[in-house]
Amino acid sequence: YFNGARLVVETSKDPVYSYSGANVTLPCHYRYEPDLGDKRKIRIKWSKIRDDYTKEQDVVVAIGKTNVAFGDFKGRAHIHRASQHEASLVISDVHLKDDGKYRCEVIDGLEDESDVVDLRLQGIVFPYQPPRGQYRLNFHEAEQVCQDQGAILANFNQLFQAWSEGLDWCNAGWLADGTVQYPIRLPRKPCGGVHLAPGIRSYGPRHRRLHRFDAFCFSSALRGEVFYLDRLAGMTLEEAKQSCQDAGAEIARVGHLYSAWKFLGLDRCSAGWLADGSVRYPIVKPRPNCGPSEPGVRSFGFPSKGRFGVFCYKER
């Protein structure tokens, strides 16, 4: 209690959902019980809570009408105060790494109260193996390959969400916190044994430079569109890249294809090149001669030769 009044800070109890490239508002309001009436000089601070709960990352601080944003949030974050007791955070051009928990803190002299809100990006987790094969990536290389595919390393919550939606993958992969895990829906002998319950299997934290696994990448809903091009005789990878450029687009990355499959319903029973040299095709409605009986993105691996169509990506 401060001056006989209690400072109360409240954010949304439900997660706030957004997607890459969008603008989002994280609501936060404060009040005094009982109401002090007069306008007080307070400081508002927003910070992002790290996955491992170490030191929080400063996002923005405001005193009166002065806003100062920090780090990656410079030019993208400000505090919205439409009403006297509002302290909401506005983030523009949401990045994949913005996903997570945020703390809204209101400081009035010696009084300091806060509440936490969860920003969740609508997205998809996909396992990734490089052309060299299984278990070839240390942590830093895993970060890079996800980035190359228009994605980032997934966090545990994103992998858990993907598992709850049906992801079953028997190869272990890096997550953003440096742990190595894999999601199993149907327990079987090579995947931790038949007697373990379904769930996320964990190897725990691993040495980020020495140990090698696959990667679980996270990509968000798209700002653009993915489309398919083909020629009668097919195309080499270089011809495929040129065809996309001629159409005013770029050759799609793996993250683009997964996002288009999940969020835009892209369904194509024709294999096409992607930027990493892999050949894949997305199936929403399984049918004969189009792979397994479940929906998914099918892969032909990384053919050293061959002629196929191509998936292109064009920003809106």
Side-chain angles (χ1 to χ4, degrees), residues 8-31 44-62 69-73 76-83 85-106 113-126 146 150-167 175-179 181 183 185 198-200 202 216-223 255 258-265:
V8 179
V9 176
E10 288 179 338
T11 58
S12 170
K13 296 293 173 263
D14 297 319
V16 176
Y17 289 92
S18 188
Y19 59 91
S20 182
N23 299 335
V24 68
T25 299
L26 302 183
C28 180
H29 292 82
Y30 64 96
R31 66 180 187 274
I44 299 164
K45 178 183 176 185
W46 278 89
S47 53
K48 187 170 188 285
I49 300 170
R50 299 184 196 274
D51 286 343
D52 56 5
Y53 289 92
T54 54
K55 189 176 186 302
E56 295 181 5
Q57 175 189 359
D58 290 341
V59 176
V60 65
V61 171
F70 299 92
D72 189 37
F73 291 97
R76 295 197 302 125
H78 68 272
I79 289 171
H80 183 65
R81 303 189 68 180
S83 59
H85 289 167
E86 185 178 5
S88 301
L89 173 66
V90 177
I91 302 173
S92 54
D93 185 23
V94 168
H95 294 181
L96 288 170
K97 286 189 175 176
D98 293 346
D99 183 281
K101 290 183 175 2
Y102 289 77
R103 182 186 305 283
C104 173
E105 187 175 3
V106 176
E113 291 295 336
S114 68
D115 198 9
V116 172
V117 60
D118 201 358
L119 172 61
R120 290 190 195 168
L121 264 60
Q122 293 167 312
I124 181 168
V125 172
F126 59 93
C146 287
I152 59 170
L153 272 179
N155 61 38
F156 177 80
N157 289 338
Q158 290 161 348
L159 184 65
F160 183 84
Q161 179 69 27
W163 170 80
S164 69
E165 292 172 3
L167 183 62
L175 295 183
D177 62 356
T179 62
Q181 318 205 25
R185 302 275 299 183
I200 309 288
S202 177
F216 285 106
C217 304
F218 174 80
S219 179
S220 182
L222 296 173
R223 275 185 286 188
Y258 270 96
S259 293
W261 167 72
K262 179 170 182 180
F263 295 106
L264 304 176

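Please read all numbers here as calculations on a predicted model, not as lab measurements.
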Could you check whether any side-chain heavy atom of Y102 comes within less than 4.5 Å of a side-chain heavy atom of V16, counting everything from C-beta outward? no
Find the distance between CD1 (I152) and CG (D98) and round it off to the nearest 0.5 Å. 9.0 Å
Taking it one step at a time, do H95 and D72 satisfy side-chain contact (heavy atoms from CB on, under 4.5 Å)? CA-CA 9 Å; H95 294 181; D72 189 37; 3.3 Å; yes
If we only count heavy atoms from C-beta on, is the T11 to L26 side-chain gap below 4.5 Å? no
Side chain of W46, backbone of A87: donor and acceptor closer than 3.5 Å? yes
To the nearest 0.5 Å, tell me how far C28 SG sits from H80 NE2. 12.5 Å
Please find the pair of heavy atoms, one from C217 and one from A151, that lie closest to each other, and give the distance. CB-CB, 3.9 Å
With side chains defined as the heavy atoms from C-beta onward, is the minimum distance between V94 and D99 less than 4.5 Å? no
Quick one: closest heavy-atom pair of T25 and S88, and the distance? CG2-CB, 3.9 Å
Please check: side-chain N/O of R185 versus main-chain N/O of W163, any donor-acceptor pairing under 3.5 Å? yes
For residues F73 and Q57, report the shortest heavy-atom separation together with the two atoms involved. CE1-NE2, 3.6 Å
Shortest non-hydrogen contact between F126 and S219, atoms and distance: CE2-CB, 3.9 Å
Indicate the atoms forming the closest heavy-atom contact of P183 with F216, along with that distance. CD-CZ, 3.5 Å
What residues form a salt bridge (charged side-chain N to carboxylate O under 4.0 Å, His left out) with E56, not counting sequence neighbours? R103
Is a donor on one side and an acceptor on the other found under 3.5 Å between the side chain of Q158 and the backbone of A154? no
For G123, is there any backbone N or O sitting under 3.5 Å from a side-chain donor or acceptor partner on K262? yes
Can you tell me how far CD of Q181 sits from OG of S202, rounded to the nearest 0.5 angstrom? 3.5 Å
Just so I know, are the side chains of N155 and F218 near enough to count as touching, which here means a heavy-atom distance under 4.5 Å? no
CD1 (I200) and CZ (F160) are apart, to the nearest 0.5 Å, by 7.0 Å
side-chain contact (heavy atoms from CB on, under 4.5 Å) against F70, all qualifying residues, sequence neighbours excluded: D58, V61, V68
Scanning both residues in full, the closest heavy-atom pair of Y19 with A221 reads CB-CB, 3.9 Å
Check: Q122 main-chain N/O paired with S220 side-chain donor or acceptor under 3.5 Å: yes
Do R120 and N157 touch side chain to side chain, with heavy atoms closer than 4.5 Å? no
So, D115 and K13, do they make that salt bridge, N to O below 4.0 Å? yes
So do the side chains of D93 and R223 get within less than 4.5 Å of each other, counting heavy atoms only? yes
Quick check: do E113 and V106 have side-chain heavy atoms less than 4.5 Å from each other? no
How long is the gap from CD on E165 to CD1 on I124, to the nearest 0.5 Å? 8.5 Å
From R81 CZ over to E86 CD, what is the distance, rounded to the nearest 0.5 angstrom? 9.0 Å
So do S18 and L119 actually touch side chain to side chain, heavy atoms under 4.5 Å? yes
Would you call the rings of Y258 and W261 parallel, tilted or perpendicular, where under 30° means parallel and over 60° means perpendicular? perpendicular
Within a radius of less than 6.0 Å around CZ of F263, do more than 12 heavy atoms belonging to other residues, nucleotides or ligands occur? yes
